[in-house]
Amino acid sequence: MTRLRTPTLLVAFVGLLLVSIVAASFIGTASIEAQDVLSVVLRRLGLAAIAPGPPVSPLVDALIWESRLPRVLLAGTVGLGLSISGAVLQSVTRNPLAEPYLLGVSSGASTGAVAVMILGFGSGAVTLSAGAFVGALVAFAIVLLLIGGGRVSNPARVVLTGVLVSQFFSAVTSLVLMLDGDADATRGFTYWLLGSVGGARWEPLQVAATVILLGSLACLVFTPALDAFTFGWDTAASLGIDVTKARVTLMVLAALITAAAVAASGAIGFIGLLVPHVVRLLVGQSHRLLLPLSGLGGAVFLIWVDTFARSAFSPHEIPVGVITALLGAPVFAIVLRKAAHR
Amino acid sequence: MTTTVLSARDIAWSVGGTRILERVSLDAYAGRVLGIIGPNGAGKTSLLRILAGLRRPEAGSVRIGGVDLGRVRRREVARRLAIVEQSPEVHADISVEETVALGRTPHRTAFAPLDGRDREAIESALALTGMGLLRSRSWQTLSGGEQQRVQLARALAQEPDVIVLDEPTNHLDIRYQLDVLALLRSLDVTVVTALHDLNLAARYCDQIAVLHDGGLRAIGMPEAVLSPELIRSVYGVEAVVEHSPHTGSPLITYVRTV
């Protein structure tokens, strides 16, 4: 059925993720080594007895625990969430080009988050995520309305609708920022809107990780529906799927995951397109495998892209969304070309 | 003698104020092939969707094994009834084997891998439809006829009591048309199928139901139903109906339109 054995692949991807987390936590700083990362993590978790080597200096400890680790984990969490969200959206819209960023869902989430901050509901991780969730749902609802609830299956038309909604919401976001008129805040937001996991802290990370992990696990329950949608709604229903319930639930979950990711790191594009399509080449169409592997693969992918973004042009740091767009655009072109031939 | 597996009573259905079906009643018997014929727009596809429980009729009811379809959970229906639609639009790059495995959906849970039972059903469906050698091929590279057979294999992997098919011989070479219909006949499954070709319907169906203008014009054995008068009034074609000495079935020769 699958081209490689399932447990082997899952174990390999989990292993790759763990290695990536440790490696990305010390790469780019000459004075830190892998052993230091393990030492800090184990001591902080109260496992000093099995921690390797002597305790590191307080400075290194703070660098790893307060700055690097949250950043790496946030990159992993966001990469996981956006990849799963992309794979889910591709199935529930029956469109290979669907992706939170391209459908305008991320843009709606950004508007929601910015509105919450500017309107003074506070900038805590929970309120930001809630605002982003409302924005994401509204944007998604508009896309669905414009494409007739999924009856339109022409991929190009769905993406054009996404472009429209995306542009509309970024205009709203700009308008809100301009009216607010605080130049410093605007600059900060602009950087955030490009998509970046720099400046990650534990508190927002916990909110994002909780929502994204629970949302992703909930999506796994619907993998039979995601598979069955391949041949259309009627065939899915004839396979025993409650189509309306499954679609609505999955769309809300995808919006929720996207919102949590955007609230924490801004709108990072193309991961949801790039990662699931590459994983499909490896394991085929079955979502039982595609979904978890896209999540793990997306986490590894964004961790390394972020590592590159912060260290390749040091001391300059590039927003990670810029790099994912550079990598994602060609993949988009390939998928669009293939879709147009069908 | 024969048990009724699927039965429809007084089905009515309309779309946007236009009546599509009106008081249609029919029974499908265990292990038999029921053909539904009629001109384009007669309501065949709508009737099949209602029989398969994909649409709720406005009036009337459909029963499977004596139980109202509306009262059975979708998953339960899917274990007993499979449907093969006409050429669905597919964007995914899915393989033949993955497609056939979809037929196991109502028999598995989200976290259960395919077990021995599932694999057996998939293998037997691939073998029956002659798609075993093409198992790794992508759906996108298959001919229309091959796609039709893969869909049938998916329905067989579902191991249903009833298979509902919408023009399963469309796009098929004559050889595969005969193969598919002979296969459907040989199965120990109740088959309800829309068909275009009256001669094939006469040859392979145990019963034929004739739809015309949303109503059931006739139902019964092919010999009883397919008369020159019926063909003339339903299709507007003058035809001669003979008894084929080669197959023993009615043989229809179309003479001219009237």
Side-chain angles (χ1 to χ4, degrees), chain A residues 1-3 5-7 90-91 93-98 151-155 158 217-246 276-277 280-281 283-292 335 338-342, chain B residues 45 48-49 52-55 72-95 97-114 118-119 122 135-136 138-141 147 150-151 154-155 157-158 160 162-164 166:
Chain A
M1 197 82 293
T2 51
R3 287 159 218 182
R5 303 262 319 152
T6 309
Q90 281 145 33
S91 172
T93 61
R94 300 195 62 223
N95 190 320
L97 290 169
R151 277 195 303 282
V152 174
S153 57
N154 177 337
V158 173
L217 286 175
C219 288
L220 290 180
V221 175
F222 289 92
T223 48
L226 291 168
D227 285 343
F229 291 158
T230 312
F231 283 84
W233 315 129
D234 275 348
T235 298
S238 81
L239 289 169
I241 306 295
D242 186 337
V243 173
T244 309
K245 189 179 120 191
H277 280 294
R280 273 190 198 96
L281 292 178
V283 302
Q285 292 288 331
S286 169
H287 287 80
R288 287 179 174 83
L289 204 50
L290 177 65
L291 224 50
V335 177
K338 269 174 80 178
H341 282 296
R342 284 176 189 158
Chain B
T45 299
L48 291 178
R49 289 194 167 153
L54 296 176
R55 302 284 182 278
V72 190
R73 285 175 48 229
R74 268 253 57 100
R75 191 175 160 89
E76 204 50 52
V77 175
R79 290 183 184 175
R80 310 187 58 177
L81 186 149
I83 183 164
V84 175
E85 289 185 283
Q86 274 194 71
S87 39
E89 203 184 348
V90 178
H91 297 295
D93 203 9
I94 190 167
S95 76
E97 198 171 349
E98 285 172 321
T99 306
V100 178
L102 285 179
R104 300 308 294 167
T105 306
H107 299 278
R108 326 164 51 189
T109 60
F111 300 102
L114 291 168
D118 295 322
R119 295 203 178 272
I122 293 165
R135 66 175 66 223
S136 317
S138 160
W139 169 271
Q140 308 294 347
T141 67
Q147 292 184 344
V150 175
Q151 286 227 83
R154 190 208 69 226
Q158 222 168 315
V162 185
I163 299 185
V164 174
D166 196 356

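Computation of the quantities below employed the complete heavy-atom set of this structure, encompassing side-chain atoms and omitting hydrogens, waters and symmetry-equivalent molecules. A, B, ... follow the sequence lines: proteins, then strands. Residue 1 opens every chain.
Top candidate by heavy-atom pairs under 4.5 Å with chain A, chosen from B:T99, B:V84, B:V77, is B:T99. Listed options B:L81, B:L102, B:I83 were ranked by heavy-atom pairs under 4.5 angstrom with chain A; first place goes to B:L102. Comparing A:V243, A:I241, A:D234 by heavy-atom pairs within less than 4.5 Å of chain B, the highest count is held by A:D234. With chain A as partner, the option from B:T109, B:T105, B:L54 having the largest number of non-hydrogen pairs under 4.5 angstrom is B:L54.
Residue contact with chain A, scored on non-hydrogen atoms closer than 4.5 Å, is absent for B:R79. Using a 4.5 Å cut-off between heavy atoms, B:R73 does not touch chain A at all. With a threshold of 4.5 angstrom between heavy atoms, B:A157 does not approach chain A through any atom at all. Both the backbone and the side chain of B:P106 come within contact range of chain A, with heavy atoms under 4.5 Å apart.
Shown here are the side-chain hydrogen bond (donor to acceptor under 3.5 Å, both in side chains) partners of B:Q158, two or more places apart in sequence or in another chain: there are none.
For the pair B:A112 and A:R288, the tightest heavy-atom approach, listed with the atom from each and the gap, is O-NE, 3.8 Å. Between B:A92 and B:Q140, the shortest heavy-atom distance links the atoms O-NE2, 2.7 Å.
Residues B:Q151 and B:P88 meet the side-chain proximity criterion, which asks for heavy atoms closer than 4.5 Å. In this structure, the side chains of A:Q90 and B:H91 stay at 4.5 Å or more apart for every pair of heavy atoms.
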* Evaluation steps, salt bridge (charged side-chain N to carboxylate O under 4.0 Å, His left out), between B:D166 and B:R49 -> CA-CA 9 Å; B:D166 196 356; B:R49 289 194 167 153; over 6 Å; no
